**Q** 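Let me give you the structure first, and then I'll get to my questions.
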Amino acid sequence: MNQIVTTIATSLAHLVLVLAIAPLVTGVVRKTKARFQNRRGASVLQPYFDLAKLFTKEVVVSSVASWLFQATPYLVFGSMLVIALLVPTVITPVPLHWVGDIITVIYLFALGRFFIALAGLDTGSAFGGLGSSREMSIASIVEPAMMLAIFTASVTAGSTNLSIVVERLSASPLAMMNPAHLLAFAGLFIVMIAETGRIPVDNPATHLELTMIHEAMILEYSGRYLALIEWASQIKLVVFLALLSNMFFPVGMAATWSPWALTVGVGAFCLKVTVLAVIVAVIESMNAKLRLFRVPELLMVAFILSLLALILYFIIGA
Amino acid sequence: MSTILFSLLIGTPITASVLCAVFHRRRILEVISVTSAGVTFLWATWLMSVVIEHKTISSPEGWWYADGLSAYIAVIVCGSALVVALYSVGYLRRQVRSRNVDGRQLWLYYLLLNVFLFTMMLVLISNNLGFLWIGTEATTLATALLVAFYERESSIEAAWKYVIICSVGIALALFGIILTYFSALHVVPAAGNALNWSSLMVVAKELDPAVLKLAFIFILVGFGTKAGLAPMHTWKPDAYSEAPAPISALMAAGLVNVALYSLMRFYILVNAALGDGYASTLFLVFGLVSMGMAVPFILLQRSFKRLLAYSSVEHVGIIVFALGIGSPLAYFGAMLHLLVNAIAKVLLFLTASNVRLAYKSKIMRKVSGAITVIPVSATFLIVGVFALTGWPPFGAFVSEFTIVSAGFASGHAVPSILFIGFVVSIFVGFIYYISKMVLGTPAARVTGGDADTASLLLLGVLLAALLLLGVYIPPPLQQCIQNAAAVLMG
Amino acid sequence: MLIIAGRRSPNSQSSLNTAGRNLGFTLALLSSIAGCLLSLTILLSGAPLHVELGQTPLFGSLILHVDGLSALFLGIISLLAVSVSVYSLGYTKDLSPRHAVGTLLFLYNGFLLSMVGVVIAGHAVVFLFAWEVMSLTTYFLISYEHEEPAARRAAWLYVVMTHIGTAFLLVMFVTLHTYTGSFSFDAFKDSGSHMPALVRSLVFLCATVGFGIKAGIIPFHIWLPEAHPAAPSNVSALMSGVMIKTGIYGMVRVFFDFLGPDIPAWWGVLILVVAVSSSVLGVLYALMEHDLKRLLAYHSIENIGIILMGIGAALLFTALGSKPLAAIALIAGLYHVLNHAIFKGLLFLGAGSVLHATHSRNIEDLGGLVRKMPWTSFFFLIGAVAISALPPLNGFVSEWLTFQALLLGFQISDLTVKIAVPLTVALLALTGALAAACFVKAFGITFLGLPRSVHAQTAHESSPTMIAAMGLLSLLCVVFGVAPGLVVSVLDPLAASLLGANISGQIALNGGMLAIPQSTSTSIAPAVLAGFLVAITLVPISIGFVFGGKLRKRAAMTWGCGLEKLEPRMQYTATGFSKPIRMIFSNIYRATHEIEISEVSSPYFQPEVRYELKTESVFLTYLYEPVSRVVLKSARMMRRLQTGHLQSYLAYIFITLVILLLFAR
Amino acid sequence: MSPTHIQSIGLLIDICAAAILVTAFLIVSSRNLGFYIRLFALQSIFLGLVALLVVIGYGEMHILIAAVLTIVVKAVAIPIVLTKMIDRIQVQKEVGFSINITVSLLLCGGMVIVADSVAQSILAVQEGGGSAVSRVLSVSIALMLIGLFIMTTRKKALTQIIGLLTMENGVFLSGLSITYGMPLIVEVGIFFDILIAVLILGVFVFRINKTFESINIDALRSLRH
């Protein structure tokens, strides 16, 4: 009986951690971008205040939209939380690792994307349709690339269970250096940029219909719904960074539940996430947004990279 | 007892034709023809039961002879003649009502119908090969005027071609018979019965092989022309499309079987004499050639009666192919296919005539949406086409499946695959045209209605028979087929 | 034998007597329930049912033999038949009186009986019998509304293709007969060993082509997108739900049951290649379709591809000797057969209700149906989520199993596996993503936004029986998604019996959790996952209350770029939606556009612009049309033989005689 | 019958057979329809003579009736019917050809050679090189082939009847040569059939003439494919 209680407690703690950190990471990214545009930029905590403000505001719902429009925010947020539960951030043996594995995580992302796209179409505005169509076509290449990249890592560990993979890789960090893993990391990095809607693929900060993909779908949302969706995309960014860091550089993760190992784990996690966030921000400010029909070529590069990684791994048989 | 039976078998149709010659009123002509066909059918079934008891019966002086094979084909021929006679009554009344046919033509029709039945019976029960030839020639002459019944330009042309080609074929067959007679002359002492099939069978081993091979070539070309085997089939599409529908049905179901019967008689003789290598390869080749020749003409065709004629060429090819394989299973398949083909041909020719009467045209482009105009005949037509092309619930599938498995079992794998290829491509052609005719919306105003309920009932019975044969072969019928196949084994 | 009772239906031509129609469909309902019970008893008890139909002179005794595999397929057929029969009660109520409902009933029941016959046949002749009767009844069902030329052409194309397929099956069964001496399936069992290798490969190829045509794999798929939309919706649900599965049943029966254990590796590779091309091309063509039922038909091709990935992998792994892997692959394939039958049936029934309500299949002029047909759109959404393999539902579980089976392929060190498996995994992932995109388009454009035409505005909710049927199927989607343990525990002994080795227990099923011991505790617990998804959504609601208090909502018009009223024409269209994907995969589509701008006298008037897009169907133009052109040209050449001259006919006889005299001496 | 007697009978038979072959060649080479019928009558007379010689030479009494029938039916009755037909339908005598005469004559020569080789292979079987009359077999096969050739190349309906009758004569001659004629009833039956065939063909010629205004076979080409 207490075994169940502990798993619930630990997973709740895990959840709170991710929820808390998510806006902070987005704040860090925006701060670095501002710095690059040599302006001071809002404080790192600004996303928290935005969310709080949005929660109190009144929700405006389009008369055209159906029940789907109002259910999507909750569903998207929920699926992001479930992903957060499954992805190891601080501690390797994630309490609920037996519930789902990598493929579940990827398809949960797809579930979220599916409903946001439908919500975009639901309002009947041209922008929603524009966003959904671009989102789904980009996803149709991103998803396989993501799968292949992660499969390379999981195949080395012999199972697709995330905790097992991270455990095996952390046990032998040197194994990380073979070419297959580097290719997979590069592929996954491009996938991360596309998936979370960062600059080279999609511009998160704009409302100009030519460039926005993710923003177009949630154009009609306001108030609490907008807050939930914003927060969900922030969690998504954190989860992706966690995946990137833990799957390929699992150094410093806590192996046991001892308080000391936990603090080291949290510290290492925060460090890695901030470093990656800064890298993302640097890339974002250095590149201009790609033309929409150049994006598939970039994504095709990611797909080929991950496919090569998998085949390379199979041929060389590391 | 055998003489009575034989004389009855020939006597009934000949007396009926004499009576028809005398009386000219329609009512009487109809009654005579139907009763004569019915009674002859009765004698045929009686002959069959007699043959089942003691294998073969022949008349004392040796003129007439009947065994499992001839009795089986006699029953099929008389059966189809009865159905055709019954249908002709309704058909001709309708023609008379729409003033296509006058009194004289009606009289000529019934007279020649009975003569035709008489000549077919003559062939089936004659032991003497000369009589066999005379009967076959007589069938050509009897049907010649029937083919030219409507006195249109095209039917005269068809009749002329029919008579000329068949007479040439039959003349070659006569030379073949003379050669067989010659090969038997130095063996059979009494000149009289050297031509009797039964005596020839007894002495088959000592017949001279070289002359017999030559004779079989002439017989194959001669009776092949009569049966409509390919390269000699050219008269069949013209004759079947121009003759009145009941007559082309009787030709497709009766005359083809009679011609095949003569081919089988010589096939058994040659197999007994030479061992079955020689004749069966010839049959295999001609069977496949006939099926192959039918394919292009069915894929691209304008008139649906010619479509059915080419299907008859194909089915003759199937039966000859099955005979060519030579194993007992193949013979059973061939005999079953004989029966199924006869029923299917009669059914489809008569349904096609209903369509022709309703739409007043043979050209398939003009016929569409028949399912709404003449629903019952249209359903018979499309379901009948599935039956004809060998789809399972119907009998043709069982016989074709037997033939193919016999072909594979006896090592003819590649020809059997060709066989399946031809059957499938013919189905493609058939269903393309028939679905265009039956489905869709009817073109301009179509006045002609469907045939009277009696004929439709008749067609329904035929379709039910086909369905029954596909699902379950009743034991007595199975016994007859086994008998016929045993005779084929020689 | 209740099934045969179901077959006896009132063939009353009068289309008005609702009693006759209800009786007919309820009989079909009862017989399919009986079918389900029969299959369950056999599956659970494991004892095959053996029935002797009777002795025939030619083919020995006709046998009906229902073992595990046929019981599974019998169950699937009956399951879908139950819901479709309920659906048909409502669907056929106001079919136009011109079509006699009596014939529809007669054909419908015949179709059901023949499909059941195919699956429970234990004898080659009975199998072919049921197989062809199935094609026959489907032919008449497709040409049921035979007014439109498209339906006639589809019916013709269908019946020709299946008949060619049956020709291959005939060759296969007769070759098996020549090597085993009898027609019964028991004699065929493991008959692969005493056949020479060449003949065995020939039998394999005939089976692949014969069953492939019925299953609609890529090179032979052209009849499928024509035939399914033409048939009435309840029948097309059955056709694409279960009829194409009889092809899969045939393949599994011949590959694993008949052709025995030692299988060459190239078989598996061939099936994998076919599977991959079917799934990718199937989904790509589906993306370009704007006719709802054609879109679903193309998706059937895609899902058949996914099933064949499982079966192909199973073949490859048995050839390379690792039985447990093959078992997992086979279970994945068979599980996807069940799932596809359910959600494809559901989607087709949904499409049928949409067609029934709006009399238009083109999604370009639908839209906004979610308010007019709430229940249908909800069930269609569940079907869409299931087919895109999204987590809580059944599509996800079977695709997860297929992924696991393929990924375990790395344990085998054979080179072909090393190349085949990663490519298959990549393309399966691509298919999954594209399927999700396609169904966002299908659901979004059809049901969401503003109605684009009068039809859509005047749509009305379908009748209760139709909704009940769809409800039942969506419930099944959820149940098989959440509790895969039920299905896998049934499939496991079945895979064990087929693959010879006892590999039961490969998939540990502790507490609704699917674990694959092969790869150290990889597992998913769909039940818990679904529970989490529902429970977790409470968290945002509570957070919302905590931070923002009671939710205050206000309705307002969607932002129409400043125009005062949002026009339906301003919405995204299906063509627009799929344009980016068309750009990405342009070399596969080779799309051609035609834009006509009408001449306008003065610049003040708006010229009328007509935009027409056509994607080239590659197989039709480069494979089927050339073949038919060659055949017809040679036929036209041969036809000239019948010249009409009497002289030439006599010359033919003369030449035949001379040739015979020369050669046959 | 003394052997020398048989010798002379054999000689006479050879002469008649040669005469028959000559008439056949004349038919092939001539253009005039009326001339065809007279040549056919001549041919049938020679055929009757051969039958009579066989009766005298080999004492096969049943052939006598066949010989008489040949002369009566084929030499007299049929030519009368055919000439009456020509007068009734005023067909112009000219006969259209599809191959010119020289080529057809060459072909007929070739056919005689082929017929001879076939006859030898048949007769080789018989011990003692066969009787005098069996040498006639090659002539009869040649007659058959020429008859078929006439039907294939001539364009007039009447010439086709004559071609058919020449073929029948060839078959009858072959019957005579190798089997001394068929049993009586069969011979009578064959004659009866041929007679009816000619009558029916005559009826058809009248109908063709009535509907097509000419008896040229080229008009009969509407039924194709």
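The figures here come from the full heavy-atom set of this structure, side chains too, leaving out hydrogens, waters and symmetry mates. Quick caveat, the model's predicted, so the values are computed rather than measured. The chains referred to below are lettered A, B, ... by the order of the sequence lines, with proteins before strands, and numbering in each begins at 1.
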**Q** For C:Y624, is the OH atom crowded, meaning more than 12 foreign heavy atoms sit under 6.0 Å from it?
**A** yes
**Q** Determine whether the aromatic ring centres of C:F220 and C:F211 lie less than 6.0 Å apart.
**A** no
**Q** Here's one to test your reading of the geometry: is the NZ or CZ of B:K213 within 45 degrees of the ring axis of B:Y278 and under 6.0 Å from its centre?
**A** yes
**Q** Pick whichever of B:I417, B:V428, B:T225 has the most heavy-atom pairs under 4.5 Å with chain C.
**A** B:V428
**Q** What are the two closest non-hydrogen atoms of C:F185 and C:A124, and how far apart are they?
**A** CE1-N, 3.6 Å
**Q** Considering only heavy atoms, which portion of B:P237 lies under 4.5 Å from any heavy atom of chain C: side chain, backbone, both, or neither?
**A** side chain
**Q** What residue in C:M638, C:R636, C:H163 has the most heavy-atom pairs under 4.5 Å with chain B?
**A** C:H163
**Q** Please test C:F204 against C:F258 for ring pair (Phe, Tyr, Trp, His ring centres under 6.0 Å), starting from the C-alpha separation and ending with a verdict.
**A** CA-CA 10 Å; C:F204 166 75; C:F258 291 167; over 10 Å; no
**Q** Which atoms of B:Y162 come close to chain C, meaning under 4.5 Å heavy atom to heavy atom: side chain ones, backbone ones, both, or neither?
**A** neither
**Q** For B:V423, is it the side chain, the backbone, both or neither that has a heavy atom under 4.5 Å from a heavy atom of chain C?
**A** neither
**Q** Among C:T656, C:L136, C:V133, which residue forms the greatest number of heavy-atom pairs with chain B at distances under 4.5 Å?
**A** C:L136
**Q** For C:L632, which atoms come within 4.5 Å of any heavy atom of chain B: side chain, backbone, both, or neither?
**A** both
**Q** Examine whether an atom of B:V424 lies under 4.5 Å from a heavy atom of chain C, and if so say whether it belongs to the side chain, the backbone or both; otherwise answer neither.
**A** both
**Q** Where does C:F173 contact chain B at under 4.5 Å (heavy atoms): side chain, backbone, both or neither?
**A** neither
**Q** Taking every heavy-atom pair that is under 4.5 Å apart, which of C:V159, C:I164, C:V171 has the most such pairs with chain B?
**A** C:V159
**Q** In terms of heavy-atom proximity below 4.5 Å to chain C, should B:L299 be classed as side chain, backbone, both, or neither?
**A** side chain
**Q** Would you say the ring centers of B:F430 and B:F386 fall short of 6.0 Å from each other?
**A** no
**Q** Provide the closest heavy-atom pair for B:F422 versus B:V295 in the form atom of the first, atom of the second, distance.
**A** CD2-CG2, 3.8 Å
**Q** Any ion pair linking C:R152 and C:E148 (charged N to carboxylate O, less than 4.0 Å)?
**A** no
**Q** Pick one of side chain, backbone, both or neither for B:V404, based on which atoms fall under 4.5 Å of a heavy atom in chain C.
**A** both
**Q** On the six-membered ring of C:W131, is C:K214 placed so that its NZ or CZ lies under 6.0 angstrom from the centre and within 45° of the ring axis?
**A** yes
**Q** With a 4.5 angstrom heavy-atom cut-off, could you sort out which part of B:F397 is near chain C: side chain, backbone, both or neither?
**A** side chain
**Q** Can you tell me which portion of C:F140 sits under 4.5 Å from chain B's heavy atoms? Options are side chain, backbone, both or neither.
**A** side chain
**Q** Identify which part of C:S648 has an atom lying under 4.5 Å from any heavy atom of chain B, answering side chain, backbone, both or neither.
**A** neither
**Q** Checking heavy atoms, do the side chain of B:F427, its backbone, both or neither come under 4.5 Å from chain C?
**A** side chain
**Q** Taking B:Y331 for the side chain and B:A322 for the main chain, is one N or O donor matched with an acceptor at less than 3.5 Å?
**A** no
**Q** Strictly distance-based, threshold 3.5 Å: is any side-chain N or O of C:E226 a donor or acceptor partner for the main-chain N or O of C:A150?
**A** no
**Q** Measure distances from B:W160 to the heavy atoms of chain C and classify the residue's part below 4.5 Å as side chain, backbone, both or neither.
**A** side chain
**Q** Please determine, among B:F286, B:F216, B:W235, the option with the most heavy-atom pairs under 4.5 Å with chain C.
**A** B:F286
**Q** Heavy-atom pairs under 4.5 Å with chain C: which of B:L300, B:V438, B:D238, B:I420 has the most?
**A** B:L300
**Q** Is the closest side-chain donor-acceptor distance between B:T441 and C:E147 under 3.5 Å?
**A** no
